[in-house]
Structure formats: structure tokens, C-alpha cells
Amino acid sequence: MGLHLYDTASRAVRPFHPKTPGEVGIYLCGATVQGSPHIGHLRSSIAVDILRRWLERSGQRVTLIRNVTDIDDKILAKAADAGQPWWAWAHRYEREFSEAYAALNVRPPTYEPRATGHITEMVELMESLVDRGHAYPGDPGNVWFDVRSWSDYGELTHQRPENLVSEEDGVEPPADKRDPLDFALWKAPKGGEPETAAWPTPYGRGRPGWHLECSAMARKYLGESFDIHAGGIDLRFPHHENEQAQSRAAGWGFAGHWFHNAWVTVSGEKMSKSLGNSLIVGEVLREADPVLLRYALSAVHYRSTLEYTPGVSLIEAGAAWERITGFVSRAIQIDDGAAGPVADVALPEGFASAMNDDVNVSAALAVVHETVRAGNSALAAGAAATQEALAARGMLDVLGLDPLDPHWAAASGSDASRAALDVLVRAVLDERARARAEKDWARADALRDRLAEAGVLVEDGADGARWSLR
RNA sequence: CGUGCUGUGGCCGAGUGGUCGAGGCGCCGGUCUGCAAAACCGGAGACGCGGGUUCGAGUCCCGCCAGUACGUCCA
């Protein structure tokens with residue numbers, strides 16, 4: 001069975017076939033860099049990272065475009081409140097996002113375009129839409145998309161325009177807007193907004209509306225039609241609906257598959273600033289190992305709501321992770337072939353079919369754990385577990401979680417410090433071995449406790465003691 | 001109100017209509033061990049409620065309850 005993916009537009013799991021065999025284009029709505037990334041933002045990028053890794057593992061060449069929205073109302077407002085240039089504000093948080101992605105081993109996209117770098121492409125699209133009769137200029141600087149002119153409007157989220165008319169918002173729509181449903185392609189500067197946040201267009205100076213950038217950039221880098229458009233489920237409407245409407249109204253095919261990930265909840269509620277329950281990545285990582293956060297954010301199927309319980313989710317991830325890394329390191333001890341490259345290792349059938357079934361990571365992880373158990377059984381029986389270790393690592397690599405991935409290995413210290421520590425710990429363990437030989441259990445236990453206080457975990461085995469940091 | 005989603009053991013979470021159901025955490029017992037840890041073996045424990053379709057439903061349909069997302073310049 002080849003890869004099947006759920007498609008939001010058709011509300012069904014469909015076979016995935018790239019438009020060009022062997023090559024996959026993915027557009028991911030990245031961050032609006034108005035604030036620090038929280039773990040919900042990261043879930044989206046991890047879900048796509050896993051999809052991308054699996055596609056590549058399956059022999060596809062993937063072009064992944066993840067944009068940065070570096071101009072919008074909130075960025076302007078927050079920067080103004082803080083007395084900073086909007087571009088400085090945006091870039092500060094763009095860097096925070098980049099650091100968060102890197103910390104969680106999210107591989108960089110093929111390209112990461114910024115909205116402000118694509119004004120020309122946006123203006124071209126806008127002109128095309130006006131020419132085709134699907135958009136109209138309003139007050140100077142304002143350009144609106146004419147929703148009623150596009151009969152397929154609502155096809156992505158299966159809504160009828162007549163049901164979309166908001167009830168009583170109390171807010172009067174702008175006078176130059178012909179229909180309340182129309183959305184902005186271009187916005188005239190509001191009072192007090194800086195000159196640097198406006199660009200000239202045939203319709204007056206202004207700045208991009210929220211949706212236009214993604215249509216323009218997706219076309220520039222992936223073409224008029226491309227394979228997968230990804231993003232958080234809350235972007236379906238209005239953002240993606242509008243993107244699709246304006247792109248298709250311009251005559252483009254746009255996305256073949258819509259890949260939307262569910263959100264992260266804390267205590268059953270979506271993270272949001274107003275609830276004050278946002279878990280900022282930087283703060284979580286201050287006391288948590290990034291690999292555990294990645295594990296926790298990966299383990300649940302991407303379309304299921306992920307219930308994140310502080311103090312529980314990471315501990316559970318930690319238990320699973322220790323089990324996996326413990327097995328891998330034991331397997332390597334018996335045969336360092338288990339530390340070999342995994343790029344071409346054959347993966348278990350069950351894993352492949354789980355991944356092909358709409359990227360079912362939960363089911364795939366079950367295969368990983370079964371493999372680990374089989375490997376541990378082999379080790380317990382005195383055999384080597386090289387094949388099991390390589391298979392487990394190969395599967396984990398698809399999830400970005402190979403324990404020997406240099407990204408994670410680097411976090412555990414340099415080789416030199418590691419070697420120095422090993423000499424010191426060995427000295428204590430040798431002393432403890434002598435005490436044990438003399439059946440001086442009190443002394444042996446005291447030495448073990450000393451090491452434990454320093455964070456060194458000692459485990460006795462048939463062929464001596466092993467130590468690890470915890 | 002409209003468009004959706006979710007409800008599976010103490011917790012997190014898979015699940016194709018058909019031997020009542022994966023995996024992880026936790027718990028209980030056992031093996032190993034000076035003890036511990038790890039590992040392995042075994043065990044207890046669940047399909048929101050009510051109807052319907054079917055020979056047979058966690059799995060399809062309807063209703064209800066509960067929670068939740070989005071509904072135009074607001075991830």
C-alpha cells in the first residue's frame with residue numbers, strides 16, 4: 001500500500017500521488033512572528049517534518065516551503081506598544097521560532113520565504129484578480145476580494161456563503177467593502193502606522209492582507225499546482241479558504257491535498273494567550289530535554305487533539321525514551337554494528353503500513369516498541385540484537401528521534417568531556433566492585449548512592465556495572 | 001444558528017463490521033539479582049448514553065448528553 005493521506009477538502013483519506021512522480025511539493029503555513037512560539041506551533045512543524053522524512057524515506061524528493069509572516073496587524077500593534085520598529089519585532093521572534101525548530105530537530109525547509117520579500121509577486125496576483133473581475137479596489141490602498149464572484153467559495157471548508165454572514169458583530173464593515181464576506185487582499189495603512197509598513201501598488205500604498213502572501217509564495221516556489229498544503233486546523237477558515245479562492249480565481253490549480261494538524265490542548269482547552277495557558281517552547285525547554293518534548297508532540301496522530309499535561313506528558317515520554325535508548329546502547333555494547341548507518345536499513349512492514357496509513361505515528365510507535373522488546377529479549381538470552389537495534393533506529397529516524405542522530409548525541413556533551421567522565425566514574429565503580437567482591441554491601445551501596453547524587457545511574461549486569469547519566 | 005471535531009482501562013492513546021480491542025505510562029505477581037535498577041514473563045483493568053441497520057458494531061445510521069474548534073481582517 002502506498003501512502004494515503006487525509007485531505008481536508010474531500011474529507012477522506014485518499015491515495016497520495018505526486019503531480020510529478022518522485023517529486024513532492026509541500027507548502028506549510030509557518031509562523032506569524034508576533035510572539036514566542038508555543039508547543040502548539042511546534043506540533044505543526046513536527047507533523048510536517050515527519051511527513052517529509054517519510055516521503056523522503058519512501059524515495060521522494062521533497063521541496064518544503066515554510067513561510068514566515070513578518071507583517072500583519074498584530075506585529076504592527078505589538079511593536080508599536082513596545083516602541084520598536086515592526087521589522088525588529090518580527091525578526092526577533094522569527095529567530096525564536098528558528099531556535100525552537102532547531103532544538104526539536106525539525107529539519108530546515110528547502111526554503112523559508114518572508115512575506116515582505118514577495119510584495120511584487122503579491123501585487124501581480126492582485127492585479128490579475130482585479131483584471132479577471134474577482135477583486136476590486138476600495139479606498140486608496142484597499143483591495144478586496146469579491147467573494148460573490150467566485151462561485152466555489154466555501155468549497156474547502158464546505159460552507160455556504162449565506163451561512164457565513166456574521167450575526168451581530170456590532171462592528172460596521174468598512175464602507176468601501178461591497179459585501180461583508182469580501183476579504184482584504186491589500187490594506188491601506190491605518191492611522192499612525194509607519195511608512196516602512198506600506199508599499200506602492202497601482203491601487204495606492206498599503207500592506208498585504210493576511211492571505212495573499214501564501215498564494216503568491218506557493219506559486220513562486222511550487223508552481224500553480226502543487227501537492228500538499230499544510231498547516232494548523234484553525235487555519236482552514238478563513239485563511240486557507242481564502243487562499244484557495246484567490247489562487248483558483250487567478251486560474252491556478254493550487255493544492256492537491258490539504259494536510260491539517262489538530263491542536264494541542266492543556267486541561268482540555270486549546271492553548272491561547274487569553275486563557276494564559278500557552279506553553280512557550282523556550283520555557284518548557286528550560287527544564288525539559290528537547291528530545292522528550294519532540295517525542296511527546298510526535299506520539300499522537302497528527303489529526304487527533306494532543307492533550308498535553310505538564311508534569312505528566314514529558315515524564316511518560318521520558319520513560320519510553322529511556323527504554324529505547326537503554327536498549328540501543330546495550331545492543332551497541334554487544335555489537336557496535338548496531339551503531340551503523342540507518343538510512344538504508346529495511347523497516348518492519350508494520351511500521352511502513354502504519355506510516356502509509358495517513359502517517360499513523362501512534363501505530364508506528366507500537367512497532368518500534370515491539371521491536372525494542374524483541375531486541376531486549378534477544379539480549380536477555382545472551383544473543384546480539386543488532387538487527388533489532390538498526391530497525392528501531394531506522395524507524396525512529398523517520399520520526400526524527402534516532403538516539404544516535406548527531407543532533408541528539410551532541411546534546412549529551414562532547415566526546416572529550418564524556419571520556420573524562422567515564423574515567424572518573426570507572427574509578428568509583430572499580431572501587432565498588434572490590435567492595436562487592438568482599439560482600440561489603442554497605443560500602444558498595446554508599447558508592448552507588450554517591451554516584452546517584454551526581455546524576456550517574458549505576459546498573460549491575462552479568463559482566464559488570466554500566467553507568468549512564470540521567 | 002452554521003460548518004466540523006472529539007468522547008476507548010487510573011493516565012496517554014491505536015483500532016480494518018467478525019475469534020470482545022495495539023502500544024506506552026502506572027499498578028500487581030514472577031524470573032534474574034546481595035539489594036536496587038534495568039530487562040524479560042505473566043496479570044488485573046475500557047469502547048459517553050439510548051435507539052436502529054446487520055447473522056454480527058467500539059467500527060455504519062439516527063437521537064441525546066458532554067467537551068471543543070472555526071465562523072472575515074482573529075494562528
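Order of the sequence lines fixes the chain letters, A, B, ..., with proteins taken first and strands second; residue numbering starts at 1 for each chain.
- Defined by atom type and a distance below 3.5 Å, a donor-acceptor pair is present between the side-chain atoms of A:H260 and A:H240.
- Contact check for A:I233 versus A:W263: side-chain heavy atoms found under the 4.5 Å cut-off.
- No N or O donor and acceptor, one from the side chain of A:E370 and one from the base of B:G23, sit under 3.5 Å apart.
- Not a single donor-acceptor contact under 3.5 angstrom links the side-chain atoms of A:R448 to the base of B:A37.
- Aromatic rings of A:H229 and A:F259 (six-membered ring for Trp) have centroids beyond the 6.0 Å cut-off, not under it.
- Comparing B:A39, B:A69, B:G34 by their nearest atom to the side chain of A:R436 picks out B:G34.
- For A:A363, taking side-chain heavy atoms from C-beta onward, the closest of the listed nucleotides B:C73, B:A14, B:G23 is B:A14.
- Closest to the side chain of A:R323, out of B:A14, B:G34, B:C40, is B:C40.
- Between the side chain of A:N360 and the base of B:G15, no donor-acceptor pair under 3.5 Å is found.
- Within the nucleic acid shown, A:S313 has no heavy atom closer than 4.0 Å to any nucleic acid atom.
- The base of B:A69 does not come close enough to the side chain of A:H260 for any donor and acceptor atom to sit less than 3.5 Å apart.
- Between the base of B:C74 and the side chain of A:D234 there is no donor-acceptor pair shorter than 3.5 Å.
- A:H211 comes within contact range of no nucleotide atom at all, as no heavy-atom separation falls under 4.0 Å.
- Panel note: side chain A:D139, backbone A:N142; no donor-acceptor pair is recorded below 3.5 Å.
- Of the candidates B:G71, B:C74, B:U3, the closest approach to any side-chain atom of A:P238 belongs to B:C74.
- In the set B:C41, B:G34, B:A22, the nucleotide with an atom closest to the side chain of A:S377 is B:C41.
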